[in-house]
> 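Below you'll find the structure I mean.
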There are 2 protein chains.
Amino acid sequence: MSSKIKPQTLKGFRDFLPAEKRKRDYVTQKIKKTFELFGFEPLETPTLEYSEVILGKYGKEADKMVYSFKDKGGRNLSLRYDQTVPTARVLAQYQNSLPKCFRRYQIQNVFRADKPQKGRYREFTQCDIDIFGSTSPIADAEIIACTYFAFKNIGYPKIILRINDRQTLFSSLKSFSTKTADVLSIIQTIDKLDKKDKLSVLQELIKKGLSSKNANAALAAVAGAALTPNLKQIIEQSKLLGVPNQAIEFTPNLARGLDYYTGMIFEVILPEYPLGSFGGGGRYDNLINKLSGYNIPAVGIAFGFDRMVEAADELNLIPKENTGAKVLVTIFEDPQPALAAAAVLRQKNINAEVFPAQDKIDKQLKYANRKGVNFVLMIGPDEAAKNMVTLKNMQTGKQKTITLDQATDVLAR
Amino acid sequence: MSSKIKPQTLKGFRDFLPAEKRKRDYVTQKIKKTFELFGFEPLETPTLEYSEVILGKYGKEADKMVYSFKDKGGRNLSLRYDQTVPTARVLAQYQNSLPKCFRRYQIQNVFRADKPQKGRYREFTQCDIDIFGSTSPIADAEIIACTYFAFKNIGYPKIILRINDRQTLFSSLKSFSTKTADVLSIIQTIDKLDKKDKLSVLQELIKKGLSSKNANAALAAVAGAALTPNLKQIIEQSKLLGVPNQAIEFTPNLARGLDYYTGMIFEVILPEYPLGSFGGGGRYDNLINKLSGYNIPAVGIAFGFDRMVEAADELNLIPKENTGAKVLVTIFEDPQPALAAAAVLRQKNINAEVFPAQDKIDKQLKYANRKGVNFVLMIGPDEAAKNMVTLKNMQTGKQKTITLDQATDVLAR
């Protein structure tokens, strides 16, 4: 070994120590359960791909953020940048073995050589659901309903789905496009209404070449836009699938940044935790064709996993019992009864840690306390002689000498 | 977009399509549950580390297999090669916030630019448990017992833990070391007794400089070695923790390849699936010190995750019901009753997929059949008029027109 490890993580990369990792695992499990309730199927793709699969798919700016390198065999490799492009590859590669309508979920880490800042990391978890192969509004509604219930089943008190149709925006704004500003460019500016005041948005439109009158008229046209028949149907069907009326907000100025959306677009807002959007998606019927050459319509959403964990934690939605072992089994000079007791507890499905050393009992109690273990089981010589155990509740400080069966009953509650 | 994706994965890298991914998730969940039953805590470290954390830690041959590159900021980065070195970094970096005895599990992918061959991949899942900070045989016994139950709870019919003590090997072989062959080198040869015949092992020992007499005597000394008091205690304590007597096999010639073991060593064998070792580990009290400069004793095991999934699958230990949706809800001209029914099923925790299009009913049935969905729910105009549903069992081909409540009862079974 040439050198000691410098204890240092790369900027923008994170260790998840047990307490944090457990929170993430809790949210992941809840999300996965809802995805499976809606029949979504798990997919995993490799961390590394041929660079030609990844590069040139997201635009020049994005290409700069892809981690790419040459391996020792001279191959150009890139790290996973998102989950959509690898899935487009999967759709092309296994077209004969995948179902015609393929609904998949994917929860994996992606890598972006972005400038690290608060809440933005270079390795982070993406969490996507998509339905490939259907143009029906039922597919849109399934995505919307699954999204709603994924949030609902974690327990966020209020969930708002802002929803719009790209086609509404297109038809409202078509007449305002100029030589210097096409409809997509106008949409991108109007998308900022959420973050900027109306005046700055107007100024940006004027800068893009709209007359002051037309800039105002464009905003008015967007604000006054009506539901398209398509969106009306999607919303109706989402409600039939159980999404409550008050959770859906038709938001005619919602544009979503990405250019590739072709129909319904939506995003998730948690009013109790106003930290922007917690996920967004929509219909993108041309992207897979552009990427893979296979004409496969699609609709989906990407969840803001890190934000979801943060909000779930701050809103106390992660159960306090979501800790490690429920009981620490202490070790006295003769460890035999303690080890046998641990075997019984585990057989009864009680998470139990055996203190892995012979140490002073108060040190073992201190260890349990510091780790936040709820109960400590002690079988000293006195208890062993009477075939009893002492169970101490670390929160109340109370302890009782009882049989192991009785202790098991308390711990199994 | 500059180019279509070439549908191709890198050699040694794998896509996991739903059926395969689901098997892996099943085994992972079973393993995790046992780890938590034993109080092990989850840990996650980044995929990328400073190269200086990773390189020079495993020897020159291993360094060649580390995926390393320079990022755009000129930093030397490496992909995760194993989970022990990053954990040594974690132990050094968070020494004040981690418990004195830290038992952690870690299930993440690692990357090795190895020659791909059957069963050997460049990205694969590692699955480790370790207890850091204790020299007590109780820690060894906890690792052994947790390993046994991790396999037992998946359901492998027969589990054998081969166990030995490096110290036994050292004392049996000390007197046979020569100028050209130290004890470790002799151990490495004797480790091959499992794969090669006795004669080739003898020849290798002779090649290494032992006289023919001494080579024979060395093998005899190893074969006749007795349990050390340490190993006796570990085995006793493992049994108290619930490991059955017949699962433990003292194997005096077991050496385990890695040089860093200092005490107990063991490996897992599944006689019904004789594919070599399904996991191996032992005590390594000096490694963390060598890596990090912190004197932290350790004992642990790495599970052969890919092999475990393969064996679990071939031995039919993964439940047949471990599939996607339990029921496909078909869509007729009026999708309303179908969508409302899907909402009810999901509320009752029944995994249900709504066919996301209006298509001929026999096409929808074909789709269900191809996907292996067990039941299909149909609400055509006739059913809707009578407020009934038709539930078809796709395995028996039988169908019944019943109420939605009755269908829910059947599906909830």
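Numbered from 1 within each chain, the chains take letters A, B, ... in sequence-line order.
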> Chain B heavy atoms under 4.5 Å from A/Asp25: which part of the residue, side chain, backbone, both or neither?
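Only the side chain of A/Asp25 comes within 4.5 Å of chain B.
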> Hey, are the side chains of B/Asp71 and A/Leu10 touching, using non-hydrogen atoms and a 4.5 Å cut-off?
no
> Give me the atom names and distance for the closest heavy-atom approach of B/Asp15 to A/Tyr94.
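In terms of heavy atoms, the two residues are closest at OD2-OH, 2.6 Å.
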> What is the distance from atom OG1 of A/Thr45 to atom CZ of B/Arg14, rounded to the nearest 0.5 Å?
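If I round to the nearest 0.5 Å, the distance is 13.0 Å.
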> Does the side chain of B/Pro42 come within less than 4.5 Å of A/Phe16's, by heavy atoms?
no
> Are any non-hydrogen side-chain atoms of A/Arg122 and B/Leu48 less than 4.5 angstrom apart?
no
> With chain B, which of A/Ala352, A/Pro86, A/Gly324 has the greatest number of heavy-atom pairs at distances under 4.5 Å?
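Most pairs with chain B among the choices: A/Ala352.
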> Look at A/Lys64, A/Glu123, A/Lys33 and state which one has the largest set of heavy-atom pairs under 4.5 Å with chain B.
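Among A/Lys64, A/Glu123, A/Lys33, the one with the most close pairs to chain B is A/Glu123.
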> With a 4.5 angstrom heavy-atom cut-off, which part of A/Ile331 approaches chain B: side chain, backbone, both or neither?
side chain
> If you count heavy-atom pairs under 4.5 Å between each of B/Arg346, B/Glu41, B/Glu353 and chain A, which one has the most?
B/Arg346
> Pick from B/Arg103, B/Lys6, B/Gln336, B/Gln237: which one has the most heavy-atom pairs with chain A under 4.5 Å?
B/Arg103
> Is A/Lys32 atom NZ crowded by more than 12 heavy atoms from other residues, nucleotides or ligands, each under 6.0 Å away?
yes
> Could you report the tightest heavy-atom contact between A/Pro99 and B/Tyr367, atom names first, then the distance?
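The answer is CB-CE1, 3.7 Å.
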> Can you tell me which portion of B/Ala113 sits under 4.5 Å from chain A's heavy atoms? Options are side chain, backbone, both or neither.
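Contact with chain A: none, neither part.
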> Please look at B/Lys239 and chain A and tell me whether the side chain, the backbone, both or neither of the residue comes under 4.5 angstrom of a heavy atom of that chain.
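When you check distances to chain A, no heavy atom of B/Lys239 falls under 4.5 Å.
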> Using non-hydrogen atoms only, which part of A/Thr47 is less than 4.5 Å away from chain B: side chain, backbone, both, or neither?
both
> Quick one: of A/Val373, A/Leu17, A/Ile138, A/Leu339, who has the most non-hydrogen atom pairs under 4.5 Å with chain B?
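Counting heavy-atom pairs under 4.5 Å, the top option is A/Leu339.
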> Nearest 0.5 Å, please: how far is CZ in A/Arg104 from NZ in B/Lys21?
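Nearest 0.5 Å value for the NZ-CZ distance: 12.0 Å.
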> Got a sec, which residues hit side chain to side chain donor-acceptor pair (under 3.5 Å) with A/Thr84, two or more places apart in sequence or on another chain?
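Expected list: none.
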> Side chain, backbone, both or neither: which part of B/Thr9 has a heavy atom under 4.5 Å from chain A?
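Backbone plus side chain of B/Thr9, per the 4.5 Å heavy-atom cut-off to chain A.
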> Non-hydrogen atoms of chain A under 4.5 Å away: do they reach the side chain of B/Leu79, the backbone, both or neither?
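The answer is the side chain of B/Leu79.
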> Could you measure the distance from the CG atom of A/Leu37 to the CD1 atom of B/Ile350? Nearest 0.5 Å is fine.
9.0 Å
> Below 4.5 Å from any heavy atom of chain A, which atoms of B/Glu49 appear? Answer side chain, backbone, both or neither.
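Both the backbone and the side chain of B/Glu49 come within 4.5 Å of chain A.
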> Quick one: sort the A/Phe69 and B/Phe69 rings into parallel, tilted or perpendicular, breaks at 30° and 60°.
parallel
> Salt-bridge test for A/Asp359 and B/Lys100: reply yes if a basic N is under 4.0 Å from a carboxylate O, no otherwise.
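Yes, A/Asp359 and B/Lys100 are salt-bridged.
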> Measure A/Val53 against the heavy atoms of chain B and call it side chain, backbone, both or neither at under 4.5 Å.
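Contact with chain B: backbone and side chain both.
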> At a 4.5 Å cut-off on heavy atoms, which part of B/Asn153 comes close to chain A: side chain, backbone, both, or neither?
neither
> Should we say atom NZ of B/Lys72 is surrounded by more than 12 heavy atoms from elsewhere, each under 6.0 Å from it?
yes
> Go through the steps to decide whether A/Ile5 and B/Lys57 satisfy the test side chain to side chain contact (heavy atoms under 4.5 Å, CB included), and finish with yes or no.
CA-CA 9 Å; A/Ile5 291 170; B/Lys57 303 300 179 297; 3.5 Å; yes
> Looking only at non-hydrogen atoms, find the nearest pair between A/Ala343 and B/Gly242 and report the distance.
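Shortest heavy-atom contact: CB-N, 4.1 Å.
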> Among B/Glu36, B/Lys70, B/Glu142, B/Lys371, which residue forms the greatest number of heavy-atom pairs with chain A at distances under 4.5 Å?
B/Glu142
> So for A/Leu345, is it side chain, backbone, both, or neither that comes closer than 4.5 Å to the heavy atoms of chain B?
neither
> A/Leu241 versus chain B, heavy atoms under 4.5 Å apart: side chain, backbone, both or neither?
both
> Please classify the contact of A/Phe38 with chain B as side chain, backbone, both or neither, using a heavy-atom distance under 4.5 Å.
both
> At a 4.5 Å cut-off on heavy atoms, which part of B/Phe111 comes close to chain A: side chain, backbone, both, or neither?
side chain
> Could you pull out all residues at least two apart from B/Lys23 that satisfy side chain to side chain donor-acceptor pair (under 3.5 Å)?
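B/Lys23 satisfies side chain to side chain donor-acceptor pair (under 3.5 Å) with B/Asp313 once adjacent residues are dropped.
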> Using heavy-atom distances under 4.5 Å, tell me whether A/Val85 contacts chain B through its side chain, its backbone, both, or neither.
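Interface part for A/Val85: both.
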> Which heavy-atom pair separates B/Gln93 from A/Gln8 by the least distance, and what is that distance?
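Closest approach of B/Gln93 to A/Gln8: OE1-N, 3.3 Å.
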> Based on non-hydrogen pairs under 4.5 Å, which of B/Leu43, B/Asn349, B/Leu240 is most in contact with chain A?
B/Leu240
> What part of A/Tyr50 gets within 4.5 angstrom of chain B, counting heavy atoms only: side chain, backbone, both, or neither?
both
> Heavy-atom distances under 4.5 Å only: say whether B/Leu328 touches chain A with side chain, backbone, both or neither.
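For B/Leu328, there is no contact with chain A at all, as no heavy atom is under 4.5 Å.
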> Top residue by heavy-atom pair count (under 4.5 Å) with chain A, among B/Pro46, B/Ala325, B/Gly39?
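Sorted descending by pairs with chain A, the first entry is B/Pro46.
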> Go through A/Cys101, A/Ala340, A/Ser292 and name the one with the most non-hydrogen pairs under 4.5 angstrom from chain B.
A/Cys101
> Pick one of side chain, backbone, both or neither for A/Tyr105, based on which atoms fall under 4.5 Å of a heavy atom in chain B.
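Just its side chain gets close to chain B.
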> Which heavy atom of A/Pro356 sits nearest a heavy atom of B/Ser136, and at what distance?
O-CB, 3.3 Å
> So does A/Gln347 have more than 12 non-hydrogen atoms from other groups sitting under 6.0 Å from CD?
no
> Minimum heavy-atom separation for A/Phe102 and B/Pro18, please, with both atom names.
CE1-CG, 3.7 Å
> Could you measure the distance from the CZ atom of B/Arg370 to the OG atom of A/Ser97? Nearest 0.5 Å is fine.
8.0 Å
> Can you say whether B/Ile131 sits under 4.5 Å from chain A via the side chain, the backbone, both, or neither, judging by heavy atoms?
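Contact with chain A involves the side chain of B/Ile131 alone.
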> Taking B/Gln358, B/Arg75, B/Arg24 one by one, which has the highest count of heavy-atom pairs under 4.5 Å against chain A?
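Option with the greatest count: B/Arg75.
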> Is it the side chain or the backbone of A/Glu20 that comes within 4.5 Å of chain B heavy atoms, both, or neither?
neither
